[in-house]
Amino acid sequence: MSLLKKCFFLGAILISVATTAQEQELLSKDDAIKLALLNNFDIKIARNQVDVAKNNKSVLNSGYLPTVTATSGANYSRDDSTIEFPGQTLDDGSPRPDLSLYKAEAQRYNSAVNVNYTLFDGLGRLYTYKQLKEQYQLSELQARETIENTLLQLFSVYFEVARLTENKNVLQQALEISTQRITRAEYSFEYGQNTKLDILNAQVDVTNDSINLLNTLQQLENTKRDLNVVLNRDLNAGFEVDTLISFIPKLQLEELVSQAQMNNVAILQSQKNLTINEYDIKVSRSGYLPTVGLNGTYGWNLNQSAPSAFFPGTNNETWNFGLGASLTWNLFDGGGTTVRMKNAKIAYDTQELVLEQIELQVERDIQNALAIYENRLNIFQIQEQNVLTNQNNFDRSKEQFQLGRITSIEFRQAQINLLNAQTNKNLAKYDAKLAELQLLQLTGQLLNIQI
C-alpha cells in the first residue's frame, strides 16, 4: 500500500471515529449535577455525617428525658440439717433423738421499676442541647462545602471534556483539509503544475494532523472516564457534553460579590464555631450550680421459706412504692470547673481571631478571583476576535493557494495559525467559566446560580 493510500486510510478511520462520538447521548450540565448529587462518594459521606449530627441533636440525646430501669431477681436455697441434743433426755429417761430436716426449701423473688429524672443541673443540659443543634447546622455547612468542592471538581473535568471535544472537531477539520491537499497535490503533479515535494509536504501534514487527532481522542476518552469517576457510574459509559457556555451579567455578579461576607461557607462555619464555643462557656459555668434530681421506685418482693424445727413455714409478699428527691452541690471540686471556664473563654477568644482571619482571607480571595475572572474573560474575548482574524486570513490564503499564488508551506502556516487560534479560544473560554464558578463559590452562590 502506497504512502498516499495509507494517509487516506488513516484519515478515513480517524474521521469515522470522531463522527461516531456524535451519536452518543448528551450529558447536559444539569444532568451531570443531578448525577453527582445522587452518586458522588464524597457527597454521600457528607450526608451520612449530617445524619449523625441530626441524631445527636434529637431530644433522645438531650438529657431532658428521665431514665427508667427495671430490675428483678430470684434466689433459691435448700437446707438438709440434723440437730443433735447431747445429754438431753425425754420424760421417760431415754436419750432425746436427733431432729433431721430434709429438703428445707426457701425461695425469694423481687422486681422493681426505678425512675430517675434530673430536674435541674445548673443549665448545663440546656446549653449542651443548644450546642448540639449548632453542631447539626455546622455539619450542614460542612456538607454544603463538600458539595461545592465536588461541583467545582465536576465542572473542571466536564469543561475539559468540552474543550477536548471542540479541539477534536478543530483537528478533524484540519485533517480533512490536509487530506484534500494530498488529492490536489497529486492532480497538480500529474498535470505538471507542481513537484513531488508538494505531495510529500501534504503527506507529512496529514501524518502530523492524524497524530494530533489520535492524541486528542485518547485524552478525551481518559477525561470522560475521570468524569464518570466523579459521577460514580460505569467508567466506559459513553456520552457527549454541552459545549455552550454563558456568563453571568456583570451587574448581577457585582451584587453577588457585595453579599459574599454573608454567604461564604467558610465564614458561616467560623461563625457557627464561635456560637458553639460560647455555649461551651455556659456549659462550664453550670458546674458552679447545684443539681436537683427526682427518683421513684415501685417494687414487689416474695419470700417463701420451708418450716423448720421451731418455726412454721412462711409465705411473705410485699409491694412497695417510694418517691425521693436529691440535691447535690459540688461546693469545691479542686478548681476543675474554674480551669474549664478559663479554657472555654480562651477558646472563644481564639475563635474570634480565627473568624477575623477568615473574613480577611475571604475578602482577599474574592478580589483575586474577581480580577482573575475579568482577566480571563478579556482574554477569551480577544481570542474570539483572534479566531475571526485568522479565519479571514485562512480563507484568503486558501483562495490564493487554489490560484497558485502562494506555496503549500504558506498555506499550511495559515492553517496552523487558525488551528492555534481556535484551540486557544477553547482554552480561554473554559478557563473563564471555571474562574467564574470559583468566584461564585467564594460568594456562596455556587449552588443557587444556573450554570
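Using modelled atom types, one finds a donor on one side chain and an acceptor on the other under 3.5 Å when comparing Arg233 with Asn228. Glu363 and Gln367 share a side-chain donor-acceptor pair at under 3.5 Å. Side chain to side chain, Asn222 and Arg225 meet the donor-acceptor criterion of an N or O pair below 3.5 Å. Between the side chains of Asn208 and Asn212, no donor-acceptor pair of N or O atoms lies under 3.5 Å. Side-chain atoms of Glu145 and Gln269 include a donor-acceptor pair closer than 3.5 Å. No hydrogens or angles considered: a donor-acceptor pair under 3.5 Å links the side chains of Tyr288 and Thr338.
Taking CG of Leu440 as the reference point, atom OH of Tyr373 lies at 8.5 Å (rounded to 0.5 Å). In this structure, OG1 on Thr128 lies 10.5 Å from CG on Leu123, to the nearest 0.5 angstrom. Atom CG of Asn426 and atom OG1 of Thr165 lie 10.0 Å apart (nearest 0.5 Å). Rounding to the nearest 0.5 angstrom, the gap separating the CD atom in Glu255 from the CD atom in Gln445 is 9.0 Å. Considering OH of Tyr127 and CG of Leu132, their distance stands at 15.0 Å, rounded to 0.5 Å.
One finds no salt bridge joining Arg163 and Asp431 here, because no Lys/Arg side-chain nitrogen approaches an Asp/Glu carboxylate oxygen to under 4.0 Å. Using a 4.0 Å cut-off between charged side-chain N and carboxylate O, Glu436 and Arg376 make no salt bridge. With respect to Glu176 and Arg181, no salt bridge is recorded, no charged nitrogen being found less than 4.0 Å from a carboxylate O. Salt bridge status for Glu148 with Arg144: present, with a side-chain N to carboxylate O gap under 4.0 Å. One finds a salt bridge joining Glu134 and Lys272 here, because a Lys/Arg side-chain nitrogen approaches an Asp/Glu carboxylate oxygen to under 4.0 Å.
For the pair Asn264 (side chain) and Ala260 (backbone), a donor-acceptor distance under 3.5 Å is absent. No donor-acceptor pair under 3.5 Å is formed between the side chain of Tyr430 and the backbone N or O of Ile245. Looking only at distances, no side-chain donor or acceptor of Asn386 sits under 3.5 Å from a matching main-chain atom of Ile382. Between the side chain of Thr337 and the main chain of Asp333, no donor-acceptor pair closer than 3.5 Å is present. Put simply, the side chain of Asn61 gets close to the backbone of Asn56: a donor and an acceptor are under 3.5 Å apart. Checked by atom type and distance alone, the side chain of Lys224 never pairs as donor or acceptor with a backbone atom of Gly238 at under 3.5 Å. Checking side-chain atoms of Ser62 against main-chain N and O of Val59 turns up a donor-acceptor pair under 3.5 Å. Between the Gln422 side chain and the Asn167 main chain, no donor and acceptor come within less than 3.5 Å of each other.
Annotation: cation-pi geometry not satisfied between Lys54 and Tyr136 (NZ/CZ under 6.0 angstrom from ring centroid, within 45° of ring axis). For the pair Arg412 and Phe394, the NZ or CZ position fails the cation-pi test of under 6.0 Å to the six-membered ring centre and within 45 degrees of the ring normal. Annotation: cation-pi geometry not satisfied between Lys29 and Phe155 (NZ/CZ under 6.0 angstrom from ring centroid, within 45° of ring axis).
Closest heavy-atom contact between Ala344 and Ser284: CB-OG, 4.1 Å. Heavy-atom minimum distance, Leu437 versus Leu446: O-CD1, 3.9 Å. Minimum interatomic distance between Asn263 and Thr443 (heavy atoms only, all atoms of both residues): CB-O, 3.2 Å.
Using a 4.5 Å cut-off on side-chain heavy atoms (C-beta onward), Leu220 and Val161 make contact. Within the 4.5 Å cutoff, the side chain of Val113 has no heavy atoms near those of the Thr297 side chain.
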Intermediate values then yes/no, side-chain hydrogen bond (donor to acceptor under 3.5 Å, both in side chains), Asn417 and Asn390: CA-CA 7 Å; Asn417 290 339; Asn390 279 276; 4.6 Å; no
Can you list the steps and then say if Lys168 with Gln173 is a side-chain hydrogen bond (donor to acceptor under 3.5 Å, both in side chains)? CA-CA 9 Å; Lys168 175 202 69 176; Gln173 293 173 1; over 6 Å; no
Test side-chain hydrogen bond (donor to acceptor under 3.5 Å, both in side chains) applied to Gln351 and Ser270, step by step: CA-CA 7 Å; Gln351 188 58 44; Ser270 185; 3.1 Å; yes
After noting the C-alpha distance and the side-chain angles of Glu166 and Lys429, does the key distance pass the salt bridge (Lys or Arg N to Asp or Glu O under 4.0 Å) rule? CA-CA 11 Å; Glu166 292 196 286; Lys429 177 172 69 171; 3.0 Å; yes
Stepwise side-chain hydrogen bond (donor to acceptor under 3.5 Å, both in side chains) test for Asn149 and Gln441: CA-CA 8 Å; Asn149 291 334; Gln441 183 192 26; 2.8 Å; yes
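Around the NZ atom of Lys282, the shell of radius 6.0 Å holds more than 12 heavy atoms that belong to other residues, nucleotides or ligands.
Using cut-offs of 30° and 60° for the angle between ring planes, the Trp300 and Tyr109 rings count as parallel.
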Using residues 274-281 as the side-chain source, report each donor-acceptor pair under 3.5 Å to any protein atom, sequence neighbours left out, with the distance given to one decimal.
| residue | atom | partner | partner atom | Å |
| --- | --- | --- | --- | --- |
| Thr275 | OG1 | Gln271 | O | 3.2 |
| Asn277 | ND2 | Asn273 | O | 3.4 |
| Asp280 | OD1 | Gln131 | NE2 | 2.5 |

Show the atom names and distances, to 0.1 Å, of all donor-acceptor pairs under 3.5 Å that link a side chain in residues 30-44 to residues at least two apart or in another chain.
| residue | atom | partner | partner atom | Å |
| --- | --- | --- | --- | --- |
| Asp30 | OD1 | Gln450 | NE2 | 3.1 |
| Asp30 | OD2 | Gln450 | NE2 | 3.2 |
| Asp31 | OD2 | Ser28 | OG | 3.0 |
| Asn40 | OD1 | Asp42 | N | 3.0 |
| Asn40 | OD1 | Ile43 | N | 3.2 |
| Asn40 | ND2 | Val230 | O | 2.8 |

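Only one option out of Asp395, Asn393, Thr389 pairs with Gln391 in a side-chain hydrogen bond (donor to acceptor under 3.5 Å, both in side chains); it is Asp395.
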